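Here the structure comes first, spelled out in structure tokens, and everything after it is commentary.
Remember, it's a predicted structure, so these values are computed and weren't measured experimentally.
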Amino acid sequence: MKTIPELVIGKLRPRYPLLQGGMSVLVSNPSLAAAVSNAGGIGTLGGTGVSPELLYKMVQETKKLTSGIVAVNIMVAANHFLELVQAAIKGGVDMVVAGAGISKQLFQICREADVEVVPIVSSLRIGQFVEKMGASAIVVESVEAGGHLGTELTLDEMFAEIKQGMKIPVIAAGGLTDGRDVARMFRQGADGVQLATRFVLSDECDVHENYKKVYLNAREEDVTTILSPVGYPGRAIITPFVERFLRDGRVPVKSCNQCLKSCSHTFCIRDALIKARDGNIEEGLFFAGKNVHRIKEVKPVAQIVEEIMGEARDILAAEA
């Protein structure tokens, strides 16, 4: 393989085979998603933890900022999941990325609207199941990823088997930070890659500067997993909030806005994620990928994309 592959997801053909992950609550906003789309990738809005009305406005704003492909990432476990999907479609979204569960209705709604569906999976069995349901592609996400995790396997341990058993495009995700990581996955047959953590440390990511400082200061040993109220393990940076939760097993919930279909109420994940987004280091939950410690610079999105894809292309060309 001399060049990076072309990623084709149904009718969508981005210039680069790169999907930006729709991170956390109000972390992946229009400014970031539009910048990734303008750089030739697929920009993705975070659609969980917001109202349908706000998501509709976010999609519309993003579409005004770019003529590229716009996706939205929504957890199936979110309350009002289908309402969020319909709001995104009404706003003009091109693709829905869905994790933390499977919704048969999602495929029907998106098929009728001519919107691509790309589920996040962590096994061949689930990948083949959603392929039969009409998925346009899948994201294979490994244990190295940030946020909610659906497997204990690394990307290198799981990817080849899943790729070989699928007919639709397979996108690799989990801990990827640079061109070497991306080239490694293209070498294994990936049709595309998804990066999330890397784009938090971009100029266009409009989180509080404290959020970026937590990422920039993170050491390898500062990243751990906790059991999220969603019911999945979640990978996050150790902060006072995480230390408190690991010590006590819960952080009292003052009020509940019913953001999840099912919740353990061990802590309010929406509240903790929003506090992180707003720069509250003491009380915020900072989801991040395993390799966040490798990222040491904040750069413009266009530069990040060009450097990653250029490095991957050079590595693959040298190996040809």
Side-chain angles (χ1 to χ4, degrees), residues 18-37 39 41-51 54-55 57-59 61-62 65-66 70-75 77-78 84 88 93 96-100 120 139 141 145-149 173-177 194-218 223 226 228 230 232 234-237 239 241-242 259-260 268-281 283-292 295 298-301 304-305:
L18 184 148
L19 174 66
Q20 165 247 323
M23 302 163 288
S24 202
V25 178
L26 296 176
V27 170
S28 187
N29 279 342
S31 57
L32 175 56
V36 174
S37 295
I42 298 178
T44 308
L45 294 164
T48 303
V50 299
S51 69
L54 177 56
L55 183 57
K57 292 178 182 178
M58 289 168 63
V59 174
E61 182 180 345
T62 309
L65 295 172
T66 181
V70 177
V72 62
N73 184 310
I74 311 173
M75 286 174 48
L84 288 165
V93 80
V96 175
V97 181
I120 299 173
V139 173
E141 190 171 78
H148 294 105
L149 308 172
L176 307 178
T177 62
Q194 175 181 279
L195 284 77
T197 297
R198 181 62 192 93
F199 286 107
V200 171
L201 292 175
S202 67
D203 291 341
E204 292 86 349
C205 183
D206 61 1
V207 295
H208 193 282
E209 283 304 306
N210 283 349
Y211 199 117
K212 296 182 182 183
K213 288 179 181 178
V214 169
Y215 268 43
L216 288 169
N217 293 333
V223 182
I226 63 173
S228 164
V230 175
Y232 289 87
R235 185 178 299 284
I237 296 172
T239 57
F241 174 87
V242 171
C259 65
L260 299 172
C268 179
I269 188 167
R270 183 178 183 275
D271 180 65
L273 291 173
I274 289 178
K275 284 180 177 176
R277 192 233 182 261
D278 293 340
N280 188 332
I281 296 175
E283 300 178 285
L285 174 63
F286 297 79
F287 277 151
K290 181 176 183 293
N291 294 320
V292 62
I295 309 168
V298 177
K299 297 180 179 181
V301 161
I304 293 172
V305 172

Qualifying residue for side chain to side chain contact (heavy atoms under 4.5 Å, CB included) with R198, from L176, V292, I295: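 Single pass found, and it is I295.
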Partner of V72 by side chain to side chain contact (heavy atoms under 4.5 Å, CB included), out of T44, T48, L55, L84: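 By the side chain to side chain contact (heavy atoms under 4.5 Å, CB included) criterion, V72 pairs with just one of T44, T48, L55, L84: L55.
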Tell me, do [X] and [Y] make a side-chain contact under 4.5 Å, heavy atoms counted?
X: F199; Y: V305; answer: yes
X: L195; Y: T177; answer: no
X: D203; Y: V301; answer: no
X: L45; Y: T62; answer: yes
X: C205; Y: K212; answer: yes
X: S202; Y: V298; answer: no
X: L18; Y: V36; answer: yes
X: N29; Y: M58; answer: yes

Using only atom types and a distance under 3.5 Å, with no angle test, would you say the side chain of [X] pairs donor to acceptor with the backbone of [Y]?
X: N280; Y: K275; value: no
X: N217; Y: K213; value: yes
X: S37; Y: A34; value: no
X: N291; Y: G175; value: yes
X: R235; Y: A288; value: no

Verify whether the ring centers belonging to F286 and Y211 lie closer than 6.0 Å.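 When the ring centroids of F286 and Y211 are compared, they turn out to be within the sub-6.0 Å range.
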Using 0.5 Å steps for rounding, measure from the [atom1] atom of [X] to the [atom2] atom of [Y].
X: T239; Y: L285; atom1: OG1; atom2: CG; result: 7.0 Å
X: I281; Y: I237; atom1: CD1; atom2: CD1; result: 10.0 Å
X: T66; Y: E61; atom1: OG1; atom2: CD; result: 12.5 Å
X: Q20; Y: I42; atom1: CD; atom2: CD1; result: 10.5 Å
X: F287; Y: I226; atom1: CZ; atom2: CD1; result: 6.0 Å

Salt-bridge present (R277, D206; N to O < 4.0 Å):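 Judged by the 4.0 Å cut-off on N to carboxylate O distance, R277 and D206 do form a salt bridge.
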Between I120 and N73, does the side-chain contact (heavy atoms from CB on, under 4.5 Å) criterion hold? Intermediate values first, please. CA-CA 10 Å; I120 299 173; N73 184 310; 3.7 Å; yes
Stepwise side-chain contact (heavy atoms from CB on, under 4.5 Å) check, V97 with I74: CA-CA 6 Å; V97 181; I74 311 173; over 6 Å; no
Which atom pair, heavy atoms only, marks the closest approach of G21 to A196?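 Distance-wise, the nearest heavy atoms are CA-CB, 3.9 Å.
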Search all heavy atoms of A88 against all heavy atoms of V59 and return the closest pair with its distance.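 Of all heavy-atom pairs spanning A88 and V59, the closest is O-CG1, 3.8 Å.
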